[in-house]
Peer 1: 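Can you read through this structure? Questions will come right after.
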2 protein chains.
Amino acid sequence: MSKEPKFKTYTISDLSKEFEVTPRALRLYEESGLLGPKREGNKRIYLERDRVRLRLLLRGKRLGCTLSEIKDIFDMYETKSGEKGQILMLLEKMDDRRKKLQIQRQDVDMALEEIERVYQKIRKSLDEIEASEKINS
Amino acid sequence: MSKEPKFKTYTISDLSKEFEVTPRALRLYEESGLLGPKREGNKRIYLERDRVRLRLLLRGKRLGCTLSEIKDIFDMYETKSGEKGQILMLLEKMDDRRKKLQIQRQDVDMALEEIERVYQKIRKSLDEIEASEKINS
DNA sequence: TATTACGTTTACGTAAACGTCAACATATTT
DNA sequence: AAATATGTTGACGTTTACGTAAACGTAATA
């Protein structure tokens, strides 16, 4: 009866398994300032907050962001800057981010359309092959 | 009056400028099998086909694909495989690709929603600051 | 003719994002 | 007590996607 967790905690291998990343990666993310697990002695203890961050982080990666870009975004989320100037800069940054995402949306949609087009073309030629197979049987 | 172009052609710096990539990058893309410009003596002559490919290539990059993934996609587009087995494999590959893109779409949309949420929050705190500025004037 | 612009190949350098050890500590199981 | 599992910190290796510089060819321009 010493340390009751009180909150759910995760070890490095818990998160490692859940999100299918290596411990090495998790340590790197920490070194890059993206995660900030507590320590119990020497060992890393991750809280829910880290888990959420990790999820966002990986989503960012899938979108092609670098770790430092992701860092920027995280910082953006957390700035509780009382200063007006800071806030204005923040809004601007978020606008940039939004624009990039919108371009990415277009890119994805165009890629999907192309895949679809080519897919149909290929299917058609497959159908033709199968038709000729029937005849020759 | 020797070589009439007949088709529109581009030099390396033409494409370099149009798409804002360095010549070095274009040569790398060629080395990676993504572009295949003709040669006039020693110099690279790009045709429309290369220009289209470059556009697709860069779109792929924006989506976070590696050059070799893009190569796979290009190969996919071009397989005029008469063989049925080949075609089936191709269709499967395209399905994978489509799934990945759909996940990316979701990722982008979720990211956009989050940006929007945070954006509104920040705006609100900005409004509050400006309101208190008016009072104190 | 000398300079400038544009192109070439070859080759080494680099930043990012890990992988892959080594060498060690700690805790639990056998 | 010995082995096993899990964790730690270095530190060097690797791949990708170029950057950068050297050394050179060719063609138009001053």
Side-chain angles (χ1 to χ4, degrees), chain A residues 1-3 5 9-47 50-51 53-75 100 107, chain B residues 1-3 5 9-47 50-51 53-75 100 107:
Chain A
M1 267 189 230
S2 49
K3 315 260 177 174
T9 65
Y10 307 85
T11 72
I12 197 168
S13 49
D14 287 340
L15 291 189
S16 176
K17 279 165 195 160
E18 179 177 357
F19 291 97
E20 298 185 345
V21 293
T22 64
R24 176 70 180 91
L26 292 176
R27 296 191 192 105
L28 175 68
Y29 298 155
E30 178 177 351
E31 205 180 324
S32 310
L34 296 172
L35 300 178
K38 299 262 159 79
R39 296 299 179 113
E40 191 163 291
N42 206 6
K43 285 164 189 172
R44 277 161 248 255
I45 305 295
Y46 297 86
L47 301 183
D50 294 300
R51 213 167 140 261
R53 282 191 154 224
L54 182 52
R55 192 192 310 286
L56 291 174
L57 188 167
L58 294 175
R59 183 184 302 157
K61 291 214 67 186
R62 286 197 299 270
L63 295 178
C65 295
T66 69
L67 293 187
S68 81
E69 283 171 333
I70 296 174
K71 173 87 161 67
D72 288 347
I73 298 174
F74 279 8
D75 291 351
K100 279 185 192 167
D107 285 342
Chain B
M1 268 187 234
S2 48
K3 314 261 175 174
T9 66
Y10 307 86
T11 73
I12 197 168
S13 49
D14 287 340
L15 291 189
S16 177
K17 279 165 196 159
E18 178 176 356
F19 292 96
E20 298 184 345
V21 293
T22 64
R24 175 71 180 90
L26 291 176
R27 295 191 192 104
L28 176 68
Y29 299 154
E30 178 177 350
E31 204 180 325
S32 310
L34 296 172
L35 300 178
K38 298 264 160 80
R39 297 298 180 114
E40 191 164 290
N42 206 6
K43 284 163 188 173
R44 276 162 250 255
I45 305 296
Y46 297 87
L47 301 183
D50 294 299
R51 213 167 139 262
R53 281 190 155 224
L54 182 53
R55 191 192 311 286
L56 291 173
L57 189 168
L58 294 175
R59 182 184 303 156
K61 291 212 67 185
R62 286 197 300 270
L63 295 177
C65 295
T66 69
L67 293 187
S68 81
E69 284 171 332
I70 296 174
K71 172 89 160 71
D72 289 346
I73 299 174
F74 279 8
D75 290 351
K100 280 185 192 168
D107 285 342

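Chain letters run A, B, ... following the sequence lines, proteins first, then strands; residues in each count from 1. No hydrogens, no waters, no symmetry mates; every other heavy atom, side chains included, goes into these values.
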Peer 1: Taking side chain as C-beta onward, heavy atoms only, is A:Asp50 less than 4.5 Å from A:Tyr29?
Peer 2: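 No, side chains not in contact.
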Peer 1: Would you mind reading off the distance between B:Glu40 atom CD and C:dT8 atom P, rounded to a whole angstrom?
Peer 2: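 Value for this atom pair: 12 Å.
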Peer 1: Taking CZ from A:Arg39 and C1' from D:dT8, how many angstroms apart are they, rounded to a whole number?
Peer 2: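 Interatomic distance, CZ of A:Arg39 to C1' of D:dT8: 8 Å.
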Peer 1: Could you state the CG-C1' distance from A:Asp14 to D:dA5, rounded to the nearest angstrom?
Peer 2: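 From A:Asp14 CG to D:dA5 C1': 14 Å.
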Peer 1: Could you state the NZ-P distance from B:Lys43 to D:dC24, rounded to the nearest angstrom?
Peer 2: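 Checked: the NZ to P distance equals 18 Å.
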Peer 1: Scan nucleotides 16-23 of chain D nucleotide by nucleotide, 5' to 3', and note B when protein non-hydrogen atoms come under 4.0 Å of the base, S if they reach only the sugar-phosphate, - if neither.
Peer 2: -SBBB---
Peer 1: Check the distance between C:dT20's C1' and A:Leu26's CG and give it to me in whole angstrom.
Peer 2: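 Distance, rounded to whole Å: 16 Å.
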Peer 1: According to a strict under-4.0 Å criterion, is A:Thr11 in side-chain N/O contact with OP1 or OP2 of D:dT6?
Peer 2: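 So the side chain of A:Thr11 is outside the cut-off, no N or O lying under 4.0 Å from OP1 or OP2 of D:dT6.
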Peer 1: Holding to side-chain hydrogen bond (donor to acceptor under 3.5 Å, both in side chains), I want the full list of residues that pass it with A:Asp72, two or more places apart in sequence or in another chain.
Peer 2: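 In terms of side-chain hydrogen bond (donor to acceptor under 3.5 Å, both in side chains), with neighbours along the sequence ignored, A:Asp72 is linked to no residue.
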Peer 1: So, for B:Arg39 and B:Ile45, which heavy atoms are closest and what is the spacing to 0.1 Å?
Peer 2: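 The pair with the smallest heavy-atom distance is C-CG1, 4.4 Å.
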Peer 1: Can you tell me how far C1' of C:dT8 sits from CG of B:Asn42, to the nearest Å?
Peer 2: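 Value for this atom pair: 5 Å.
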Peer 1: What integer distance in Å separates A:Ile45:CD1 from D:dT6:P?
Peer 2: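 It works out to 15 Å between those atoms.
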Peer 1: List the residues meeting side-chain hydrogen bond (donor to acceptor under 3.5 Å, both in side chains) with A:Ser13, not counting sequence neighbours, and say none if there are none.
Peer 2: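 By the side-chain hydrogen bond (donor to acceptor under 3.5 Å, both in side chains) rule, A:Ser13 matches A:Thr11.
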Peer 1: May I have the distance from A:Ile12 (atom CD1) to D:dT6 (atom C1'), rounded to whole angstrom?
Peer 2: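 Rounded to whole Å, this separation is 10 Å.
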Peer 1: What heavy-atom pair brings A:Thr9 and A:Asp14 nearest, and what distance separates the two atoms?
Peer 2: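 Where A:Thr9 meets A:Asp14 most closely, the heavy atoms are O-OD2, 4.4 Å.
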Peer 1: Which pair of heavy atoms, one from A:Gly33 and one from A:Lys71, lies closest together, and at what distance?
Peer 2: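 Heavy atoms of A:Gly33 and A:Lys71 come nearest at O-CD, 3.7 Å.
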